[in-house]
Amino acid sequence: QVHLQEIGGGSVQAGGSLRLSCIVSGVYVKFANIHWYRQPPGTQRELIATILRDGSSNYTDAVEGRFTISRDDAKNLVYLQMDSLKPEDTALYYCNYYIFTDFRGSRRMFWGQGTQVTVSS
């Protein structure tokens, strides 16, 4: 069974940094695509960063150049380094893994419980 747990959230002033960690069990991160999502208050969850099996990464425009996703294969962890934080980065942050369950593209999603990041101006 796949299990994800996010740690590292907290409160920080604008311009500060935080590093989130996603503790993964049930799948090897070096063989998986792992994603970070966030959900600001009153809005839908949005994909912000992905690290692919080959180690390459993708970011949404809102965090490009400020956030860095990485992984530690030995510890089976995925990180999200967040620099130059802005108040609009305030959200619940989740890591995610999914598998396709049929040839039509249906997915089984695995989520952690989320960790709160609050950025004050």
Side-chain angles (χ1 to χ4, degrees):
Q1 179 70 6
V2 176
H3 186 257
L4 306 171
Q5 181 184 0
E6 306 89 347
I7 59 173
S11 297
V12 65
Q13 289 192 327
S17 298
L18 283 172
R19 188 178 78 162
L20 306 182
S21 300
C22 178
I23 303 169
V24 181
S25 61
V27 63
Y28 289 113
V29 297
K30 68 182 295 184
F31 299 132
N33 301 330
I34 304 294
H35 316 275
W36 282 98
Y37 282 73
R38 69 184 180 186
Q39 187 168 16
T43 68
Q44 291 186 332
R45 203 170 293 189
E46 60 178 349
L47 175 64
I48 60 170
T50 295
I51 186 163
L52 300 176
R53 287 185 292 267
D54 65 1
S56 63
S57 56
N58 300 303
Y59 303 91
T60 190
D61 288 347
V63 307
E64 178 82 56
R66 299 188 299 120
F67 290 11
T68 304
I69 189 171
S70 63
R71 70 184 189 216
D72 185 325
D73 293 344
K75 296 180 179 179
N76 219 44
L77 295 173
V78 176
Y79 302 106
L80 185 68
Q81 177 67 40
M82 305 186 295
D83 299 316
S84 302
L85 282 161
K86 305 175 181 180
E88 52 263 44
D89 295 318
T90 295
L92 267 171
Y93 283 72
Y94 299 88
C95 55
N96 166 268
Y97 168 71
Y98 64 82
I99 56 174
F100 290 104
T101 56
D102 61 37
F103 61 89
R104 290 169 294 187
S106 300
R107 304 177 187 180
R108 180 176 180 183
M109 307 286 272
F110 298 91
W111 298 96
Q113 81 288 348
T115 187
Q116 178 68 40
V117 172
T118 302
V119 185
S120 58
S121 57

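- Without hydrogens or angle criteria, Gln13 side chain to Val119 main chain gives no donor-acceptor distance under 3.5 Å.
- Judged purely by atom type and a 3.5 angstrom limit, Asn96 has no side-chain atom pairing as donor or acceptor with the backbone of Trp36.
- Rounding to the nearest 0.5 Å places CD1 of Ile48 at 8.0 Å from CG of Asp89.
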> Could you go step by step and tell me if Leu20 and Val117 meet the side-chain contact (heavy atoms from CB on, under 4.5 Å) rule?
Replying inline: CA-CA 9 Å; Leu20 306 182; Val117 172; 4.1 Å; yes
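- Counting only distance, with no hydrogens or angles, the side chain of Gln81 and the backbone of Ile69 share no donor-acceptor pair below 3.5 Å.
- Put simply, NE2 on His3 and CZ on Phe110 are 11.5 Å apart, with the number rounded to the nearest 0.5 Å.
- Stacking of Arg45 on the aromatic ring of Tyr37 is not recorded, the 6.0 Å distance cut-off and the 45° axial limit not both being met.
- Rounding to the nearest 0.5 angstrom, the gap separating the CZ atom in Arg19 from the CG atom in Leu80 is 10.5 Å.
- Two different hydrophobic clusters hold Phe31 and Tyr97 under the rule that ILVMFWY side chains link at heavy-atom gaps under 4.5 Å.
- A distance below 6.0 Å separates the ring centres of His35 and Tyr98.
- Counting only distance, with no hydrogens or angles, the side chain of Asp61 and the backbone of Glu64 share no donor-acceptor pair below 3.5 Å.
- Without hydrogens or angle criteria, Asn58 side chain to Thr50 main chain gives no donor-acceptor distance under 3.5 Å.
- For the pair Asn76 (side chain) and Val29 (backbone), a donor-acceptor distance under 3.5 Å is present.
- For Gln5 (side chain) and Ile23 (main-chain N/O), no donor-acceptor pair under 3.5 Å exists by modelled atom type.
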